[in-house]
Amino acid sequence: MVKSIISLVLLAVSVFLAFKHGWDTFNYKKNPEAMKMMADLGITETMIPIFAGLTLLVGVLLLIPKTFFLGNMLNAISIVIIMELAMRIGNFKMVLMEIPFLIMPLVLIWLKYPFLEN
């Protein structure tokens with residue numbers, strides 16, 4: 001039961017972050033800091049809606065038990081891509097900040113979908 005509760009809490013945090021980051025990415029023009037960060041990472045303005053849509057898709061996939069694993073894998077892959085882009089420009093502080101966010105989907109995969117009998 002404790003494992004399910006921990007999984008549920010991590011799932012709620014992951015879904016919240018996916019929707020928040022996806023929404024913020026779609027509204028990047030209202031946030032000059034986000035625009036600068038994405039430009040520094042080499043993300044072009046045409047790629048921004050793709051990243052935003054992928055992030056929102058991850059949030060939806062995490063909520064569905066049959067796509068839970070896929071959502072976590074896409075989440076981990078997108079975080080690794082961000083880490084790679086940050087390493088390319090020498091922003092190791094960003095790389096280190098992303099490590100906990102990379103661990104979260106991996107732990108969720110290990111814990112499995114909460115309250116699902118396997």
Side-chain angles (χ1 to χ4, degrees):
M1 185 67 173
V2 172
K3 182 179 167 183
S4 294
I5 292 171
I6 292 169
S7 181
L8 181 64
V9 169
L10 286 176
L11 176 63
V13 169
S14 289
V15 170
F16 170 77
L17 288 174
F19 286 130
K20 182 186 180 316
H21 288 152
W23 183 256
D24 289 348
T25 304
F26 270 125
N27 295 304
Y28 69 96
K29 290 184 180 180
K30 295 178 185 175
N31 188 351
E33 293 172 9
M35 285 183 70
K36 182 183 178 328
M37 181 198 67
M38 286 186 255
D40 289 346
L41 291 176
I43 299 172
T44 63
E45 196 163 343
T46 57
M47 291 298 294
I48 292 173
I50 294 169
F51 277 114
L54 179 66
T55 306
L56 291 174
L57 177 65
V58 164
V60 172
L61 292 175
L62 288 174
L63 292 173
I64 303 168
K66 290 187 184 266
T67 60
F68 178 75
F69 177 76
L70 178 63
N72 278 303
M73 287 302 295
L74 288 173
N75 196 9
I77 290 168
S78 67
I79 292 167
V80 168
I81 290 170
I82 292 168
M83 292 171 78
E84 183 274 329
L85 292 171
M87 278 194 281
R88 184 184 298 172
I89 63 168
N91 189 344
F92 295 104
K93 180 180 176 186
M94 181 184 288
V95 174
L96 293 173
M97 286 180 3
E98 291 293 328
I99 290 172
F101 299 106
L102 176 60
I103 293 171
M104 194 171 357
L106 302 176
V107 169
L108 274 167
I109 290 169
W110 177 67
L111 291 173
K112 299 190 176 36
Y113 196 83
F115 305 114
L116 189 64
E117 295 296 323
N118 284 332

For a quick test of reading the model, state the closest non-hydrogen atom pair linking [X] to [Y] and the distance between them.
| X | Y | result |
| --- | --- | --- |
| S4 | P114 | O-CB, 3.5 Å |
| G22 | T55 | N-CG2, 3.5 Å |
| L62 | G71 | CD2-C, 3.8 Å |
| L108 | S14 | CD1-OG, 3.3 Å |
| V95 | A86 | CG2-CB, 3.7 Å |

Would you kindly confirm whether [X] and [Y] end up in one hydrophobic cluster when ILVMFWY residues are joined by side chain heavy atoms under 4.5 Å apart?
| X | Y | result |
| --- | --- | --- |
| L56 | V15 | yes |
| I81 | L57 | no |
| F51 | F16 | no |
| L11 | I64 | yes |
| V80 | L85 | no |

As an exercise, state the distance from [atom1] of [X] to [atom2] of [Y], rounded to the nearest 0.5 Å.
| X | Y | atom1 | atom2 | value |
| --- | --- | --- | --- | --- |
| I109 | F68 | CD1 | CZ | 7.5 Å |
| L10 | I5 | CG | CD1 | 12.0 Å |
| D40 | M38 | CG | CE | 11.0 Å |
| F26 | H21 | CZ | NE2 | 14.5 Å |
| L8 | Y113 | CG | OH | 8.5 Å |
| L106 | N72 | CG | CG | 8.0 Å |

Worksheet item: Which residue pairs satisfy the salt bridge (Lys or Arg N to Asp or Glu O under 4.0 Å) criterion with at least one member in residues 71-84, sequence neighbours excluded?
Response: E84-R88
Please tell me if the side chains of [X] and [Y] come closer than 4.5 Å, counting only heavy atoms from C-beta onward.
| X | Y | value |
| --- | --- | --- |
| N75 | M104 | no |
| D24 | N31 | no |
| F19 | V60 | yes |
| I82 | F101 | no |
| M37 | I43 | no |

Discussion item. Any side-chain to backbone donor/acceptor pair from T67 onto L61? Under 3.5 Å, distance only.
Written reply: yes
Discussion item. Quick one: does any side-chain atom of S78 pair with a main-chain N or O of L74 as donor and acceptor, under 3.5 Å?
Written reply: yes
Item to complete: Please identify each residue that fulfils side-chain contact (heavy atoms from CB on, under 4.5 Å) with K93, with sequence neighbours left out.
Response: N91, M97
Worksheet item: Which residues satisfy the side-chain contact (heavy atoms from CB on, under 4.5 Å) test with T44, sequence neighbours excluded?
Response: T46, M47
Worksheet item: Would M94 and I89 satisfy side-chain contact (heavy atoms from CB on, under 4.5 Å), going step by step from the backbone distance to the final call?
Response: CA-CA 10 Å; M94 181 184 288; I89 63 168; over 6 Å; no
